[in-house]
Amino acid sequence: MCSISPMGQLKVSRRFPGVKELAGLMRFRKPILNGRKRRLSRALTIYDLRDIAKRRTPKAPFDYTDGGADTESSLTRARQTFENIEFQPRILRDVSIVDTSVTMLGKTMAMPIGIAPTGFTRMMQTEGEYAGATAARDAGIPYTLSTMGTRSIEDVAKIAPDGRNWFQLYMWKDRDRSMALVERAKAAGFDTLVLTVDVPVAGARLRDVRNGMTIPPSLTSKTILNAIPRPAWWMNFLTTDPLKFASLDSWKGTVAELLDSMFDPTVTFEDLNWIRGQWDGNLVVKGIQNVEDAVLAQKAGADAITLSNHGGRQLDRAPVPYLLIPEVRKAVGEKFEIHVDTGIMHGADVVAAIAAGANFTWIGRAYLYGLMAGGKEGVDRSLEILRTQMVRTMKLLGARSLAELNPSHIKQITR
Ligand SMILES: Cc1cc2nc3c(=O)[nH]c(=O)nc-3n(C[C@H](O)[C@H](O)[C@H](O)COP(=O)(O)O)c2cc1C
């Protein structure tokens, strides 16, 4: 109740609240006793997961994951481009049900997001490839095992036999050894080979050089000091299987030395034709960065291409893959599958890529931050965050399915 005093002031009359009334207002949440679950439940965005990951992972492996080449502009620009999208929403459509499923290379996936190949994944967090493969299976999306994986093809097939597992190949100087891996992937039931073509030489990953990053991580006074606030990571590292490349011979040295000694800078489109002849499953060429190469890969018999600058880890100042989509779509036609990665940190980024004309997207860091924040459950969380963001964005855009998304939903603003 209010009254007006003789001086013309508004007076609010007060009362004592009843106990019952107070009790009705109390909403104490049940504490989550499991530390991992508690941490992850607080993460609402991929950047939140990144913050947790940074706190829990030693500097060298965190920077190896987080960083890019040289000035890191290829990654920064890709993320910035997604942020500079202005959506053009449509209203008054019934969006009570939104379908995020998509048919990609012959199979239906729950959403247009897959886990991209990432090397040395057990170094980020001990559950590594197993976490990625099982989280992808549970979410109904594909998982790609890297040539530089820390679990073997057979072990990944065993942990997620009902998942859609793909194998990523780097062409080695020794072709027979490359093809032996391809044979193993085929025998293990992997339905797709991803040929990565943007590593004729290792990118200049300056953070790794500055951190003195080696594989496996070495114990120096600097790393030991950095380990003190991150005991869980070190406990995992020291008490689980030794870290090694499961598909390669053991290696002691820097990542750049490893890449340079193994990978073949002489690979050409001839080799792509040759691989096409060897592999009868789906072939995806990953690392395409212009229209002409997209068309050449299509002519060489690729089933799909991935527009990618390797998450900004190779060439600095590289094209932003997302921006290539419209022109590449025009050149390869409506039926050919275009996949895209680099810079995806939000479900809305995925929605924009599909609206621009891509069929599918891939994530590297977005899942690795989840992994470092909380193993398999962390990857589950990152996929759940992206899915929730996608669904909300689609509803707000008035799109009930991916097929309803089109270029009229997006505009690029310049800053
Ligand atoms: C730590 C790390 C390791 C990677 N290792 C590989 C690899 O072994 N093979 C490959 O083709 N791409 C590799 N990539 C690139 C990813 O497959 C993908 O193209 C990239 O991460 C996409 O960018 P995003 O991290 O912004 O999502 C790696 C990326 C990261 C972050």
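Source: prediction; values computed, not measured. In each ligand, atom 1 is the first atom listed, and ligand 1 is the first ligand listed. In what follows, every heavy atom counts, from backbone to side chain, and hydrogens, waters and symmetry copies are set aside.
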D380 bridged to K376 by N-O distance under 4.0 Å: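 Answer for the salt bridge query: yes.
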Please tabulate, for side-chain N and O atoms in residues 353-360, each donor-acceptor pair with protein atoms closer than 3.5 Å (sequence neighbours left out).
from : atom 1 : to   : atom 2 : distance (Å)
N359 : OD1    : R329 : NH2    : 2.7
N359 : OD1    : I338 : N      : 2.8

- request: Locate the shortest heavy-atom distance separating Q412 from I85; write the atom from each residue and the value.
  value: OE1-CG1, 3.6 Å
- request: Return the minimal non-hydrogen interatomic distance between K158 and P161, and the atom names on each side.
  value: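 Nearest heavy atoms, K158 then P161: O-CD, 3.2 Å.
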List, for ligand 1, each N/O atom that has a protein N/O partner under 3.5 Å away, with both atom names and the distance.
from     : atom 1 : to   : atom 2 : distance (Å)
ligand 1 : 5 (N)  : G119 : N      : 2.9
ligand 1 : 8 (O)  : G119 : N      : 3.4
ligand 1 : 8 (O)  : S146 : OG     : 2.7
ligand 1 : 9 (N)  : Q168 : OE1    : 3.1
ligand 1 : 9 (N)  : Y170 : OH     : 2.9
ligand 1 : 11 (O) : T196 : OG1    : 2.7
ligand 1 : 11 (O) : K286 : NZ     : 3.0
ligand 1 : 12 (N) : P117 : O      : 3.4
ligand 1 : 12 (N) : K286 : NZ     : 3.0
ligand 1 : 12 (N) : H310 : NE2    : 3.3
ligand 1 : 14 (N) : P117 : O      : 3.3
ligand 1 : 17 (O) : P117 : O      : 2.7
ligand 1 : 17 (O) : K286 : NZ     : 3.0
ligand 1 : 19 (O) : K286 : NZ     : 3.1
ligand 1 : 19 (O) : D341 : OD2    : 2.6
ligand 1 : 25 (O) : R365 : N      : 2.9
ligand 1 : 25 (O) : R365 : NH1    : 2.8
ligand 1 : 26 (O) : G343 : N      : 2.7
ligand 1 : 26 (O) : R365 : NH1    : 3.3
ligand 1 : 27 (O) : G364 : N      : 2.9

message: Quick check for you: to the nearest 0.5 Å, what is the distance between L49 atom CG and L44 atom CG?
response: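 Nearest 0.5 Å value for the CG-CG distance: 9.5 Å.
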message: If the test is salt bridge (Lys or Arg N to Asp or Glu O under 4.0 Å), which one of R50, R365, K59, R205 qualifies with D66?
response: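 Looking at R50, R365, K59, R205, the match for D66 under the salt bridge (Lys or Arg N to Asp or Glu O under 4.0 Å) is R50.
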